[in-house]
There are 2 protein chains.
Amino acid sequence: MTSSKNKLFAHFEQYIKLSDELKSALDSRVSFVSFKKGELVHDADSVCTKSYFIQKGLFRTYFYKDGKEISEYFPAENEWCNSPKSLMTRQKDIYYIDAIEDTEAFCLQVNDLGFLFDHFPEMERYARLSMGTVFGHLMERITSLRFTTAKEKYDHFIETYHGIHHRIPLGMVASYLGIAQETLSRIRGEK
Amino acid sequence: MTSSKNKLFAHFEQYIKLSDELKSALDSRVSFVSFKKGELVHDADSVCTKSYFIQKGLFRTYFYKDGKEISEYFPAENEWCNSPKSLMTRQKDIYYIDAIEDTEAFCLQVNDLGFLFDHFPEMERYARLSMGTVFGHLMERITSLRFTTAKEKYDHFIETYHGIHHRIPLGMVASYLGIAQETLSRIRGEK
DNA sequence: ATGATTTTTTGATATAGGTCAAATTGTTTT
DNA sequence: AAAACAATTTGACCTATATCAAAAAATCAT
């Protein structure tokens, strides 16, 4: 039980105190999975029934528009990754997930997640508070997408993904930012 | 107690069952306030300590960039309005709130909100679930801001604010969408 | 390693939409 | 009902960035 799940527990403890009961409930329900670079983690053809907490590596969520992949975000170490709407509503959504790098993650099934919410009110609080954090990021991103030049968008991306930005291929960054990859290449070129 | 708070209760009941205890706890903590058109509801100079549930009317949240007002969103009937990050962290944030129309609202103090979260776990669940809804809207908006023409952005705005879009002045819509108001005027002109 | 993909860079061109300025229309206020 | 003020529209022009095309560089598979 002094498991390899330290980082996962530490993540929860940023928001709530973890009782021993909750710790062991988590421990028994969380499994370990790994993916190879390029592997599909979630297919939009199916309902998303799993949430991944990344231990090591890098995922990407994306969807298709006019036959092209549009990257949505890039969850890395110590972050959750899933198809949020699909997971919550148990219906299909547009998002795919794949692994940008070889990735090790913890996996929580949606049923187990439901169990935890039903039996541990502090899990509800954790969800509310951690969603608040993500909420803030989304709002910043919305601001960054309005009234900014391509250069400013790229700068904002580097801030947001400070330690990580060089691990993400240029084309994916471009679609994440909503600019042409040629433009991004030129921006990177100067300075 | 068969109060005028029906709509507020109905809103909660979209997500959770309201026990009588919670109903009366809400009832005793929620007060009624009204604002005149143009009135400032929240000043970014101060910490946001109140959350408003709009009964009738229309608010706007906005911030300043380069001396100009940028509209963030337009909460109307049966929606909450506050400065989210400020309310949650009890620190100042950049957002102002004003009333686009004469508005009647229910008001909940942050302390009371804290009390409700501490004593009614179903309130935590409500918050988690309702944030999920908003979350989805933010993601759609992010998608709409990337890779779309000004016309498509405006169409998306009309969808999002279907019954309400004509109540919002053009200049505010333009800054909400991240386009010049001259451009928006021209888009509106044709067809 | 070497050829075959895939990704990134570079170049030339076109255009959507920004900016500035002024005219028009609409809305308050006295 | 004016006068004053604010919001919207129209016009002229310009620039950032998209698009199309091809070369160069990097990565992958045999």
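Everything quoted here is computed from the prediction, not taken from an experiment. Protein chains get the first letters and strands the later ones, always in sequence-line order, with residue 1 at the start of each. Because only heavy atoms are used, hydrogens play no part in the values below, and waters and symmetry mates are left out as well, while side chains stay in.
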Q | B:Lys65 atom NZ, over 12 foreign heavy atoms within 6.0 Å | A | yes

Q: Would you kindly give the NZ-to-P distance between A:Lys153 and D:dA16, to the nearest whole Å?
A: 13 Å

Q. For the pair made of CD in B:Glu190 and P in C:dA16, what is the distance, rounded to whole Å?
A. 11 Å

Q. B:Leu170 has a side chain; which of C:dG18, D:dT8, C:dT9 sits nearest to it?
A. D:dT8

**Q.** Residue whose nearest DNA chain C nucleotide is more 5′ - B:Lys151 or B:Lys37
**A.** B:Lys151

(Q) What is the separation between atom CD1 on A:Ile187 and atom P on C:dT9, rounded to the nearest whole Å? (A) 12 Å

Q | Sequence-distant partners of B:Tyr95, ring-ring contact (aromatic ring centres under 6.0 Å, His included), two or more places apart | A | B:Phe63

Q. Got a sec, which hydrophobics cluster with B:Val47, joining ILVMFWY side chains under 4.5 Å apart, including via others?
A. none

(Q) Just the rounded figure in Å: distance from C1' of C:dT19 to CD1 of B:Ile179. (A) 15 Å

Q. Do B:Arg125's NZ or CZ and the ring of B:Phe120 fall within the cation-pi criteria of under 6.0 Å and 45°?
A. no

Under 3.5 Å between N/O atoms: give me all the protein pairs with nucleotides 10-12 of chain D, atom names plus distance.
| from | atom 1 | to | atom 2 | distance (Å) |
| --- | --- | --- | --- | --- |
| D:dG11 | N7 | B:Arg186 | NH1 | 2.9 |
| D:dG11 | O6 | B:Arg186 | NH2 | 3.3 |

Q: Examine A:Tyr96 together with A:Tyr64 and report whether their ring centres are nearer than 6.0 Å.
A: yes

Q: May I have the distance from B:Glu69 (atom CD) to D:dA6 (atom C1'), rounded to whole angstrom?
A: 13 Å

**Q.** B:His166 NE2 - D:dT8 P separation (whole Å)
**A.** 14 Å

Q. Of the nucleotides D:dT8, C:dG17, D:dA18, which one has an atom closest to the side chain of B:Pro169?
A. D:dT8

**Q.** Spacing of A:Glu101 atom CD relative to D:dC28 atom C1', expressed in whole Å
**A.** 17 Å

Q: With B:Arg128 as the cation and A:Phe117 as the aromatic partner, state whether NZ or CZ is under 6.0 Å from the six-membered ring centre and within 45° of the axis.
A: yes

Q: Show the numbers, then the answer: is there a salt bridge (Lys or Arg N to Asp or Glu O under 4.0 Å) between A:Arg60 and A:Asp98?
A: CA-CA 5 Å; A:Arg60 167 181 72 134; A:Asp98 66 4; 2.9 Å; yes

Q.
For a quick check of understanding: with a heavy-atom distance under 4.0 Å over all strands, which category does A:Ala150 fall into, base, sugar-phosphate or nothing?
A. sugar-phosphate

Q.
Can you tell me which nucleotide in D:dT9, C:dG18, C:dG17 comes closest to the side chain of B:Arg188?
A. D:dT9

Q. What's the CG-P distance between B:Leu184 and C:dA16, to the nearest Å?
A. 17 Å

